[in-house]
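Presented below is the structure to which this report refers.
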Amino acid sequence: MALSHIIIITSMLLCAHVSALENGLARTPPMGWLAWERFRCNTNCAAYPDNCVGEKLFMEMADVMVSGGWKDAGYKQVNMDDCWMAKQRNSQGEIYADPGRFPSGIKVLADYLHAKDLKLGIYADFGNYTCSGYPGTMGHEKDDAQTFAAWGVDMLKFDGCSSTSDEKKVGYPLMSKELNETGRPIIFSCSWPAEDGHVPPKINFTLMAEICNLWRNYDDIGDNFEDVIKIINWFADNQDVLIPAAGPGHWNDPDMLIGGNFALSPDQAKLQFGMWAMLAAPLFLSADLRAIAPEYVKILQNRQIIQINQDPLGMQGRRVKTSGPFQLWVRPMWGAEQAIAVFSTSTGGDVEHFSFTMAGLGIDKPASKYEIYNIDNEFETKVVGLNDMITVAVNPQGITIYRAKPGTTKIPHFEYEVKEELTFDIL
Ligand code: GLA
């Protein structure tokens with residue numbers, strides 16, 4: 001898409017009426033790297049100098065995000081998680097980084113990232129303690145927000161351990177307000193739904209979108225394919241509640257990308273990445289990018305998938321059908337384009353086939369013809385009618401994704417022009 005179109009779309013989206021946290025941030029799902037799933041709470045730098053939670057880890061990851069092409073692919077955030085703090089606040093009650101592991105301090109780390117055109121994310125917890133037992137923010141909301149802003153932090157993941165449901169109702173809106181009052185643009189990621197019942201009536205997604213840019217919905221991901229499928233199925237089972245909650249500036253967050261670690265095969269990593277794109281999910285890699293195998297780099301830097309994820313319409317995809325091991329999903333995109341995913345949880349050894357029609361996708365006001373291509377084969381565009389059968393070959397525990405747009409001219413997708421006005425209301 002030409003830069004001028006991106007600018008037009010962006011400015012139209014900024015004007016669209018959305019009842020959301022209007023800090024102007026995260027108009028498309030944020031992208032970056034997050035330490036937690038891969039590096040956990042490893043604080044033993046004496047024994048594990050290369051893998052402990054300390055400034056060396058984040059600086060090295062930033063270096064490789066630039067040299068390894070991650071930044072150019074759109075991954076800009078370098079995010080710390082739990083266990084960065086000293087075990088107690090200082091004598092003035094201020095939060096500060098463990099001086100042994102962060103000898104230069106967080107401000108220097110932020111400057112280091114900013115000099116590379118990257119951004120720093122930090123972690124705190126509303127309760128008395130973080131989930132790993134470090135100092136919580138309860139009672140220090142203003143001071144911590146000011147501290148983060150003074151350091152040059154660009155994003156805050158705000159966890160909810162060690163606080164009650166009633167306390168969260170006060171704490172999350174308060175922290176949102178305090179962050180806004182710093183005057184620094186800070187993307188606000190709330191773990192409230194994950195920590196408090198996941199869905200209504202405990203969680204009010206209208207409020208969530210008013211105070212947070214993204215929110216962790218569900219259980220923590222671990223390094224296994226079962227978690228990936230469990231999360232996808234939970235998102236499908238709750239899609240009627242979750243889809244209307246998401247949009248530019250406010251996103252559901254199914255947790256980190258784990259491709260490139262120990263557990264997922266390339267096909268499974270591709271499945272997770274493709275489905276996170278269909279879900280309009282924040283894309284946070286949690287792998288050791290210093291040592292990731294090239295086939296995973298290719299998967300996680302796939303521009304077609306990133307383009308689907310970053311689609312400016314910002315509409316979350318929907319599961320249309322399950323059939324045996326297959327699931328069929330569709331995500332409406334800008335310009336009446338559709339992203340279509342078919343994945344399989346089959347453990348059979350062979351490629352299996354699944355068929356669908358455009359008419360069967362439940363598209364609102366479908367066109368009579370679509371130009372459609374498999375993103376692994378983007379120059380083989382076909383024109384199909386609404387009832388033409390499209391047969392997909394899917395690897396066991398793999399995914400195949402198509403893009404389809406109205407028309408018959410087989411224009412390569414990246415050349416067509418955006419002409420329509422965008423009018424929509426979210427929540
Ligand atoms: C919770 C969160 C995780 C991680 C840990 C840190 O479990 O959901 O993502 O931040 O806390 O302790």
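What you see below is based on every heavy atom in this structure, not just the backbone, and it leaves out hydrogens, waters and symmetry mates. Since this is a predicted model, take the numbers as computed values, not measurements.
Note on Arg89 versus Glu94: no salt bridge recorded, every NZ/NE/NH1/NH2 to OD/OE distance being 4.0 Å or above. Using a cut-off of 4.0 Å between Lys/Arg side-chain N and Asp/Glu carboxylate O, Glu195 and Lys168 are scored as not salt-bridged. Arg318 and Asp240 are joined by a salt bridge, as a carboxylate oxygen and a charged side-chain nitrogen come within less than 4.0 angstrom of each other. The pair Lys116-Asp63 meets the salt-bridge criterion, with a side-chain N (NZ, NE, NH1 or NH2) lying under 4.0 Å from an Asp/Glu carboxylate O. Under a 4.0 Å N-O distance rule, the pair Lys270/Asp376 qualifies as a salt bridge. Checked for salt-bridge contact, Arg40 and Asp82 miss the test: no charged N lies under 4.0 Å from a carboxylate O. Ion pair Lys157/Asp253 not flagged as a salt bridge, since none of the NZ, NE, NH1 or NH2 atoms sits closer than 4.0 Å to an Asp/Glu carboxylate oxygen. Under the 4.0 Å criterion applied to side-chain N and carboxylate O atoms, Lys230 and Glu226 are not assigned as salt-bridge partners.
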Any chance you could lay out the ring-ring contact (aromatic ring centres under 6.0 Å, His included) test for Tyr172 and Phe158, step after step, and finish with the verdict?
CA-CA 8 Å; Tyr172 278 94; Phe158 203 44; 5.4 Å; yes

Hey, mind stepping through Asp81 and Phe284 against side-chain contact (heavy atoms from CB on, under 4.5 Å) and telling me if it holds?
CA-CA 12 Å; Asp81 205 279; Phe284 280 91; over 6 Å; no

Apply side-chain contact (heavy atoms from CB on, under 4.5 Å) to Tyr134 and Cys83, showing your working.
CA-CA 7 Å; Tyr134 287 78; Cys83 308; 3.7 Å; yes

I would like to know whether Asn51 and Arg290 meet side-chain contact (heavy atoms from CB on, under 4.5 Å); could you show each step before the answer?
CA-CA 11 Å; Asn51 290 334; Arg290 300 165 301 184; 3.1 Å; yes

Please evaluate residues Val228 and Ile221 with respect to the criterion side-chain contact (heavy atoms from CB on, under 4.5 Å), reporting the C-alpha separation (whole Å), side-chain torsions for both, the decisive distance (0.1 Å), and the verdict.
CA-CA 7 Å; Val228 171; Ile221 199 162; 4.1 Å; yes

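Looking at every heavy atom in both residues, Lys202 comes nearest to Gly197 through CD-CA, 4.1 Å. The two residues Ala124 and Thr137 come nearest to each other via the heavy atoms CB-OG1, 3.7 Å. The shortest non-hydrogen separation linking Gly160 to Asp125 is N-OD2, 3.4 Å. Minimum heavy-atom separation, Tyr296 to Gly260: CD2-N, 3.3 Å. Heavy-atom minimum distance, Ser346 versus Pro396: O-CB, 3.5 Å. Residue Gln268 comes nearest to Ala263 through the heavy atom pair OE1-O, 3.8 Å, listed as atom of the first residue, atom of the second, then distance.
Between the side chains of Gln77 and Asn79, at least one donor N or O sits under 3.5 Å from an acceptor N or O. For the residue pair Asn23 and Asn180, no side-chain donor N or O sits within less than 3.5 Å of a side-chain acceptor on the partner. Side chains of Arg331 and Gln338: a donor-acceptor N/O pair is absent below 3.5 angstrom, by distance only. Between the side chains of Asp255 and Tyr218, no donor N or O sits under 3.5 Å from an acceptor N or O. For the residue pair Trp84 / Asp98, no side-chain donor-acceptor distance below 3.5 Å is found, with atom types taken as modelled. No side-chain donor-acceptor contact under 3.5 Å links Thr322 and Gln327. Asp154 and His114 share a side-chain donor-acceptor pair at under 3.5 Å. Side-chain polar atoms of Thr182 and Gln146 form no donor-acceptor pair below 3.5 angstrom. There is a side-chain donor-acceptor pair under 3.5 Å between Glu37 and Asn261. Side chains of Gln316 and Asn252: a donor-acceptor N/O pair is present below 3.5 angstrom, by distance only.
Rounded to the nearest 0.5 angstrom, Trp329 CH2 and Leu279 CG are separated by 5.0 Å. Rounding to the nearest 0.5 Å gives a distance of 7.5 Å between CG of Asp350 and CD of Glu352. Leu271 CG to Ile232 CD1: the interatomic distance, rounded to the nearest 0.5 Å, is 5.0 Å. Residue Cys52 holds its SG atom at 7.0 Å from CG of Leu57, rounded to the nearest 0.5 Å. Considering NE2 of His198 and CG of Leu242, their distance stands at 11.0 Å, rounded to 0.5 Å. Taken to the nearest 0.5 Å, the NE2 atom of His140 stands 10.5 Å off from the OG1 atom of Thr147.
At least one donor-acceptor pair under 3.5 Å links the side chain of Gln239 to the backbone N or O of Arg319. Within the 3.5 Å criterion, the main-chain N or O of Thr164 finds a donor-acceptor partner in the side chain of Glu167. Formation of a donor-acceptor pair under 3.5 Å by the Ser286 side chain with backbone atoms of Leu34 is found in this model. With hydrogens and angles disregarded, a donor-acceptor distance shorter than 3.5 Å links the side chain of Trp33 to the backbone of Ala287. Judged by distance alone, with hydrogens and angles left aside, the side-chain atoms of Ser176 form a donor-acceptor pair with the main-chain N or O of Ile211 at under 3.5 Å. Panel note: side chain His250, backbone Ala245; a donor-acceptor pair is recorded below 3.5 Å. A donor-acceptor pair is defined here as one N or O able to donate and one able to accept, closer than 3.5 Å; such a pair exists between the side chain of Asn90 and the backbone of Gly93. Between the side chain of Arg101 and the backbone N or O of Val53, at least one donor-acceptor pair lies under 3.5 Å. Looking at Gln272, its side chain does come within 3.5 Å of a backbone N or O of Met256 through a donor-acceptor pair. A side-chain donor-acceptor contact under 3.5 Å links Glu141 to the backbone of Gly139.
Two residues are said to be in side-chain contact when any heavy atoms from C-beta on lie closer than 4.5 Å; Ile340 and Met358 meet this criterion. Between Glu178 and Asp144 the shortest side-chain heavy-atom distance does not fall below 4.5 Å. Here the side chains of Met65 and Lys76 are not in contact, with every heavy-atom distance at 4.5 Å or above. The closest side-chain heavy-atom distance from Gln397 to Thr347 is below 4.5 Å. Side-chain contact between Trp251 and Asn213 is absent, with no heavy-atom pair separated by less than 4.5 Å. With contacts defined as side-chain heavy-atom distances shorter than 4.5 Å, the pair Cys41/Trp36 qualifies. Considering only heavy atoms from C-beta on, Tyr75 comes within 4.5 Å of Ile306 through its side chain. With contacts defined as side-chain heavy-atom distances shorter than 4.5 Å, the pair Arg403/Tyr370 does not qualify.
Crowding of Gln88 atom CD: a count of heavy atoms from other residues, nucleotides or ligands under 6.0 Å not exceeding 12. Under a cut-off of 6.0 angstrom, the local environment of OH in Tyr129 is sparse, with at most 12 non-hydrogen atoms contributed by other residues, nucleotides or ligands.
A centroid separation of 6.0 Å or more is found between the aromatic rings of Tyr402 and Tyr373.
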